Participant: 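I'd like to ask you about the structure that follows.
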Amino acid sequence: MFLVEKTHLTSPFKLTSKKPSKNYQLAAKNFDEKVIIHLKTLDLASEASDSSVISLNWMCKAVTLLSTVHVEAQDQVYQISNLRSESDYYHNLYMDYSQKVLDLLNLVSSAVKQFVERRLLLNLSLRLIKSSGDGQISSPEKLNKAKDALNRSVHVHHKQDEKPQRAKDLLEELSDVISNIPIGKVNNARDLIRHTLHGLGTITVFVNSVLVSVLYGQSDLVEVRFPAEFRWVDSVTGVQKRVFDLKKPKRLLEVEDAATRAVAVCDVIDEVAADGDGDGGDERRSRLEDGVKELREAVEKFSDGVDMLTNGVNGLFSCVMKTRNGVLDGVRKGEW
């Protein structure tokens, strides 16, 4: 669970001397065009890595995009000149949406923790294999402990509990909330609120469906239907299609790479243990050193990706929580 520090909040919707525009259609268009730009960061074709699997780097970009769109959506609502007259309507919509998003992000964060456990095991194995500097292979006892840690890292799995199903249920509930928000021509403040929250919610469902599918590996990818009223519908549909076309949509590039290197090192350790100090010791030592070097590089990339994803999910959670508290604070103080 996330720990949220209680602070004195200032509503992000407090009116200023700047008079917002009443051109609702233009505001909706500008918001949509920003989303189009952000969606370009999710182009799988631009990934330098294997395009058959999703990478931690791509998932970090997806979470960052969602945080950015969330902030811009709230700025959009804040700019509505007669927001105060629609405060109850917006309050009810956002409270329902944000609560489900926070619950979902807690489950996503829990799933990311498995990567932290995997990283600990990988780093432990590297420390056990690390040469003392005299050119000798580590003791058989240390090599066996390293192999055990590597095998455990490869087979880290989620406990069979209710979390995957709860995440899937939340996605469906969130999708229902969004689909019940009317969408159409933007002629007034309420239309703009609907357009903005419907767009934000739809992208939220898409991004989190990928996160849940990949991180938990137990639920199918949820195909999201994007309303034609959004100018970015072609862009996001294209991204979704490329995700669905992946050969291994539930695997992560950095995880597979680290696992492959770990298995290779385990194989060499078995050879060392079987042959002892027999012929070919130098060749086995060289292979082990090369394997460990490749494993260390893979672990570094994996570790960087885990840190970025962890920070991204935490940042998104804080963003939603801050906005939620700001809305409640604004209603309580009657500032909008």
Side-chain angles (χ1 to χ4, degrees), residues 11-43 61-98 100-101 174-209 223-241 316 319-320 322-324 326-327 330-331 335-336:
S11 170
F13 307 103
K14 186 174 182 179
L15 298 178
T16 65
S17 58
K18 181 179 178 180
K19 198 168 184 178
S21 171
K22 289 186 179 181
N23 192 330
Y24 302 113
Q25 291 184 20
L26 179 60
K29 178 182 177 181
N30 291 339
F31 175 73
D32 286 358
E33 289 178 345
K34 290 179 182 178
V35 173
I36 292 174
I37 294 174
H38 298 318
L39 284 169
K40 291 180 180 179
T41 64
L42 300 188
D43 183 9
K61 290 179 180 178
V63 173
T64 298
L65 174 145
L66 192 51
S67 295
T68 302
V69 173
H70 187 276
V71 171
E72 291 180 348
Q74 302 318 309
D75 287 345
Q76 173 89 302
V77 173
Y78 161 63
Q79 291 297 321
I80 297 175
S81 58
N82 58 336
L83 176 59
R84 189 168 299 180
S85 65
E86 301 290 348
S87 61
D88 289 342
Y89 179 75
Y90 174 73
H91 171 268
N92 292 333
L93 281 180
Y94 189 80
M95 289 300 104
D96 196 11
Y97 158 83
S98 61
K100 295 186 187 306
V101 172
L174 186 57
S175 182
D176 289 341
V177 169
I178 301 306
S179 63
N180 287 328
I181 300 177
I183 186 75
K185 193 171 183 179
V186 181
N187 292 320
N188 52 49
R190 179 163 296 197
D191 289 342
L192 183 56
I193 290 174
R194 289 169 171 172
H195 182 93
T196 304
L197 285 187
H198 198 124
L200 171 62
T202 304
I203 295 174
T204 298
V205 172
F206 166 62
V207 171
N208 279 282
S209 69
E223 184 173 5
V224 181
R225 297 188 179 280
F226 305 100
E229 285 81 1
F230 296 110
R231 290 173 173 81
W232 41 264
V233 62
D234 290 339
S235 298
V236 73
T237 300
V239 174
Q240 179 172 254
K241 182 179 184 303
L316 178 56
C319 177
V320 176
K322 180 179 179 181
T323 302
R324 180 181 173 86
V327 171
V331 171
E335 293 177 341
W336 53 288

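In this text, all values refer to a predicted model and were calculated from it rather than measured experimentally.
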Participant: Roughly how far, to the nearest 0.5 Å, is the CE atom of Met95 from the OH atom of Tyr90?
Facilitator: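 CE of Met95 is found 7.5 Å from OH of Tyr90.
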Participant: Report the distance from atom CG of Asp75 to atom NE2 of His70, rounding to the nearest 0.5 Å.
Facilitator: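 Between Asp75 CG and His70 NE2, I get 10.5 Å after rounding to 0.5 Å.
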Participant: Can you name the closest pair of heavy atoms from Ser67 and Cys319 and give their distance?
Facilitator: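 Minimum heavy-atom separation between Ser67 and Cys319: O-SG, 4.2 Å.
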Participant: Listing request: all side-chain hydrogen bond (donor to acceptor under 3.5 Å, both in side chains) pairs with a residue in residues 195-207, at least two apart in sequence or in separate chains.
Facilitator: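 Every pair satisfying side-chain hydrogen bond (donor to acceptor under 3.5 Å, both in side chains) with a residue in residues 195-207: Asp32-His195, Tyr97-Thr204.
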Participant: If you measure from CG on Leu197 to CD1 on Ile181, what distance do you get to the nearest 0.5 Å?
Facilitator: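 Rounded to the nearest 0.5 Å, the CG-CD1 separation comes to 5.5 Å.
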Participant: Looking only at non-hydrogen atoms, find the nearest pair between Glu72 and Phe31 and report the distance.
Facilitator: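 Minimum heavy-atom separation between Glu72 and Phe31: C-CE1, 4.1 Å.
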Participant: Can any side-chain N or O of Asn180 pair as donor or acceptor with the backbone N or O of Asp176 at less than 3.5 Å?
Facilitator: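 Yes: the side chain of Asn180 pairs with the backbone of Asp176.
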Participant: Which atom names give the shortest non-hydrogen contact between Val186 and Ala28, and what distance separates them?
Facilitator: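 Looking at all heavy atoms of both residues, the shortest contact is CG2-CB, 4.0 Å.
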Participant: So do the side chains of Asp191 and Tyr24 get within less than 4.5 Å of each other, counting heavy atoms only?
Facilitator: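 Result no, sub-4.5 Å side-chain heavy-atom pair not found.
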Participant: Grab the two heavy atoms, one from Leu192 and one from Ala27, that are nearest each other, plus how far apart they are.
Facilitator: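 Taking every non-hydrogen atom into account, CD2-CB, 3.9 Å.
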Participant: Can you tell me how far CG of Leu26 sits from CD of Glu33, rounded to the nearest 0.5 angstrom?
Facilitator: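 Interatomic distance, Glu33 CD to Leu26 CG, rounded to 0.5 Å: 8.5 Å.
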Participant: Hey, does Ser175 have a side-chain heavy atom less than 4.5 Å from the side chain of Val224?
Facilitator: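 A side-chain contact is absent here, since even the closest heavy-atom pair is not under 4.5 Å.
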Participant: May I ask you to test the Val236-Val35 pair for a side-chain heavy-atom distance under 4.5 Å?
Facilitator: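 The answer is no; the side chains never approach within 4.5 Å.
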Participant: Within the distance-only criterion (no hydrogens, no angle test), does the side chain of Gln74 pair as donor or acceptor with the backbone N or O of Thr323 below 3.5 angstrom?
Facilitator: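 No; judged by distance alone, with no hydrogens or angles, the pair does not exist.
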Participant: Would you give the length of the straight line joining atom CG of Leu174 to atom CD1 of Ile178, rounded to the nearest 0.5 angstrom?
Facilitator: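 If we round to the nearest 0.5 Å, Leu174:CG and Ile178:CD1 are 5.0 Å apart.
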Participant: Can you list everything that forms a side-chain contact (heavy atoms from CB on, under 4.5 Å) with Val233? Sequence neighbours excluded, please.
Facilitator: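 So Val233 forms a side-chain contact (heavy atoms from CB on, under 4.5 Å) with Phe226, Thr237.
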Participant: Of all heavy-atom pairs between Gly199 and Trp232, which one has the smallest distance, and what is that distance?
Facilitator: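 Result for this residue pair: CA-CZ2, 3.7 Å.
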Participant: Please report the interatomic distance CG(Leu42) to CD1(Ile203), rounded to the nearest 0.5 Å.
Facilitator: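 So the CG of Leu42 and the CD1 of Ile203 are separated by 9.5 Å.
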Participant: Do the side chains of Ile36 and Phe230 get nearer than 4.5 Å, heavy atoms only?
Facilitator: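 When only atoms from C-beta onward are counted, Ile36 and Phe230 do not touch, as no gap falls below 4.5 Å.
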